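Let me begin by presenting the structure, written as structure tokens, before commenting on it.
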Amino acid sequence: MTFSAWISEPINWIFLLVGLVVLASGFRVVTAKNVVHAALLLVAALAGTAGLFLMLAAEFVAWVLVLVYIGAVIVLFLFGIMITRAPTGQDEGLDSEKKVVPALLSVGVFVLMAWGSIDAFGTTLVGATGDPISTELIGESLLGRFVIPFEVVSFVLLAALIGSITLARKDLTPIEEEEGRRV
Amino acid sequence: MSWPEFWIVVLRVILTFGLLLVVTILNVWAERKILAKMQSRIGPSRAGPYGILQTLADGMKLFFKESITPRKVELGMYVLAPFLAVIPAFLIFMMVPWGRPFMIGDHEVTLQGADLNVGLLFILAMSSMAVYAVILAGWSSGSTYPLIGGVRATAQAISYEAAMGLAMVAVVMFSATQGDGGTLSLAEIVERQSGTWGDLSPALQPVLQFVPRWNVFPQIVAFVIFFIAIVAETNRAPFDLVEAEQEIVGGFHTEYSGIRFAMFFLAEYINIFSMSAIAATLFLGGWNGPTFDGVLPGFVSAVLPTIYFLAKTYFLVFLFFWLRATLPRLRYDQLMQLGWKRLIPGALGWLIVSTLVISFRQFGPPWS
């Protein structure tokens with residue numbers, strides 16, 4: 001399919017628009033000079049990704065993305081920022097000088113993933129039936145075929161949880177314990 | 001989509017918006033009037049009969065008032081925050097079915113903004129979006145008390161969202177046993193609560209045939225947890241630390257005035273109503289109730305479900321007002337303890353118990 005044929009369909013305009021919003025806000029996340037703005041631009045990028053999932057008729061994944069990432073993860077980011085420091089205006093110290101290696105790394109990951117999916121699927125359309133994918137189907141495949149990876153992921157999350165508690169917790173010295181001080 | 005279908009969608013959305021705006025304006029008045037009665041005062045009484053137009057008068061005043069913008073605000077976010085409060089509030093109510101579907105010609109009109117396949121998930125997603133308004137309003141004001149209000153709101157919303165979601169899971173699982181497979185669509189969950197519990201056990205049939213088939217009876221623990229969680233989610237007394245006047249002036253909206261303040265205020269009352277409506281839908285059977293088809297004239301039978309829905313919702317809204325008049329505000333550590341050490345373990349425990357009961361009823365004892 002040529003580009004001019006692709007662009008003549010209205011649905012692809014929306015795809016292009018959403019994709020550009022995701023790309024632009026993703027780029028601005030790393031260049032923003034204010035840490036709260038960076039977090040909010042990440043919200044825009046994630047909302048755009050949810051939009052892409054909606055266009056693929058994957059309602060469940062889209063709303064879970066909104067619920068978990070926009071509704072919980074970024075809110076926790078903002079919470080963390082605000083109980084430590086929350087400057088309005090510009091913060092020049094936010095710019096990192098080590099830009100080249102991360103940039104190369106992320107471009108490399110993108111190339112690898114793009115090459116992988118093009119190599120695997122080529123021009124075949126995956127699941128383009130137009131019907132929304134039902135929650136039931138997702139539940140059955142998660143607790144059926146993919147039950148072991150699913151449990152492994154939850155185990156990794158549990159380990160991360162325990163690890164972060166151990167890191168954040170400060171053990172009391174014997175003298176402090178005698179004084180009855182609490183952590 | 002043909003033209004009649006398109007106009008039906010437009011009609012549905014306009015009807016739902018209209019209903020929400022009217023009841024919200026009435027709610028503000030109702031709260032002031034009910035609180036006044038509970039405290040042996042008169043309450044608003046001048047504008048219109050029983051002061052019913054007081055909210056409109058206040059709204060007009062706020063609309064024409066100057067919106068002061070303090071010098072130290074971060075302007076973009078400061079202007080955006082009130083909109084972020086109102087939009088999710090409206091979208092949540094779009095999912096709630098508020099009346100029985102009826103026919104215009106041969107097209108069915110469902111009285112619901114939109115019936116999403118994953119309706120409950122959408123509600124959870126939108127209610128977690130609402131916290132952005134509060135935290136951004138607090139931060140962009142460039143002032144200390146609003147910032148503290150914003151931080152408090154975030155911690156509170158995250159804590160109680162978990163309990164709310166877990167209570168919802170218990171209902172969804174129970175509802176899956178009431179029909180063909182599980183569902184997250186609110187319209188479907190309401191349909192499954194029609195009728196009575198009469199066929200549950202032959203021995204108790206004479207009594208149970210008068211008990212409606214609402215989820216609240218088998219899921220009473222989930223209902224209590226859900227209700228406490230929605231009071232906390234809407235930042236209402238006794239969980240109103242976000243805007244505790246004695247401690248942090250007005251909380252996140254200290255620096256807001258005029259129409260921008262009015263939008264925060266409107267969002268709060270919309271949220272009270274739509275959260276109560278969701279509780280009524282999930283637990284109290286939504287618009288279900290005796291409609292006396294064939295006995296009463298057709299249009300009465302068509303309107304009755306909406307009246308049942310409003311009655312159930314207003315019962316819960318009344319509980320909100322009653323709580324505000326009765327309970328003092330929680331201290332901050334009490335708020336966190338209630339959320340993390342009581343409600344979330346309670347909801348998880350209830351989820352396990354109700355799962356065991358459901359699987360026992362469906363598959364029999366594990367040794368068989």
Side-chain angles (χ1 to χ4, degrees), chain A residues 28 32-44 46-47 49-51 53-54 57-91 130-140 142-143 182, chain B residues 70-78 80-81 84 88 91 95 116-136 138-144 146-159 161-162 165 172-173 176 180-185 252:
Chain A
R28 288 284 294 133
K33 287 282 193 291
N34 184 309
V35 69
V36 177
H37 288 175
L40 292 175
L41 285 160
L42 200 53
V43 170
L46 288 166
T49 318
F53 276 121
L54 276 184
E59 276 183 313
F60 183 82
V61 187
W63 294 120
V64 165
L65 193 80
V66 173
L67 176 62
V68 175
Y69 282 91
I70 302 181
V73 174
I74 309 278
V75 170
L76 279 176
F77 275 10
L78 285 173
F79 183 65
I81 294 165
M82 287 189 190
I83 53 175
T84 48
R85 50 174 200 159
T88 50
Q90 309 278 301
D91 183 2
D131 291 328
I133 300 148
S134 76
T135 315
E136 210 174 341
L137 206 66
I138 293 173
E140 269 170 14
L142 269 186
L143 294 177
R182 292 167 64 192
Chain B
R71 202 181 306 128
K72 281 180 80 177
V73 300
E74 171 103 10
L75 197 63
M77 294 300 154
Y78 178 80
L80 189 68
L84 287 180
L91 287 179
M95 293 296 121
L116 235 62
N117 196 1
V118 287
L120 270 183
L121 208 61
F122 181 82
I123 287 171
L124 275 175
M126 283 304 128
S127 80
S128 64
M129 295 288 285
V131 72
Y132 276 94
V134 177
I135 196 165
L136 286 180
W139 174 72
S140 66
S141 294
S143 162
T144 312
L147 185 65
I148 296 173
V151 169
R152 280 184 176 187
T154 322
Q156 184 172 332
I158 293 168
S159 311
E161 217 169 71
V172 169
M173 275 178 51
D180 178 31
T183 181
L184 291 173
S185 145
F252 65 92

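To find a chain, count down the sequence lines: A is the first, B the second, and so on, and within it residues start at 1. Quick caveat, the model's predicted, so the values are computed rather than measured.
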Task: Contact class of Ala155(B) relative to chain A, heavy atoms under 4.5 angstrom - done: both
Open item on the list: I want to check something: taking the side chain as every heavy atom from C-beta on, are Leu40(A) and Leu136(B) in contact at a cut-off of under 4.5 Å?
Closed with: yes
TODO: Could you look at Val151(B) and say if it's the side chain, the backbone, both or neither that has a heavy atom under 4.5 Å from chain A?
DONE: both
- [ ] Check whether any side-chain heavy atom of Ser128(B) lies under 4.5 Å from a side-chain heavy atom of Ile70(A), and answer yes or no.
- [x] no
Open item on the list: With a 4.5 angstrom heavy-atom cut-off, is it the side chain or the backbone of Ile158(B) that approaches chain A, or both, or neither?
Closed with: side chain
Open item on the list: Please classify the contact between Val68(A) and chain B as side chain, backbone, both or neither, with a heavy-atom cut-off of under 4.5 Å.
Closed with: neither
- [ ] Mind checking side-chain hydrogen bond (donor to acceptor under 3.5 Å, both in side chains) for Thr49(A) and listing every partner two or more places apart, or none if nothing turns up?
- [x] none
Open item on the list: Could you check whether any side-chain heavy atom of Trp139(B) comes within less than 4.5 Å of a side-chain heavy atom of Leu78(A), counting everything from C-beta outward?
Closed with: no
Open item on the list: Other residues, nucleotides and ligands only: do more than 12 of their heavy atoms fall within 6.0 Å of CZ on Phe53(A)?
Closed with: no
Open item on the list: Report which part of Ile135(B) has an atom under 4.5 Å of a heavy atom belonging to chain A: side chain, backbone, both, or neither.
Closed with: both
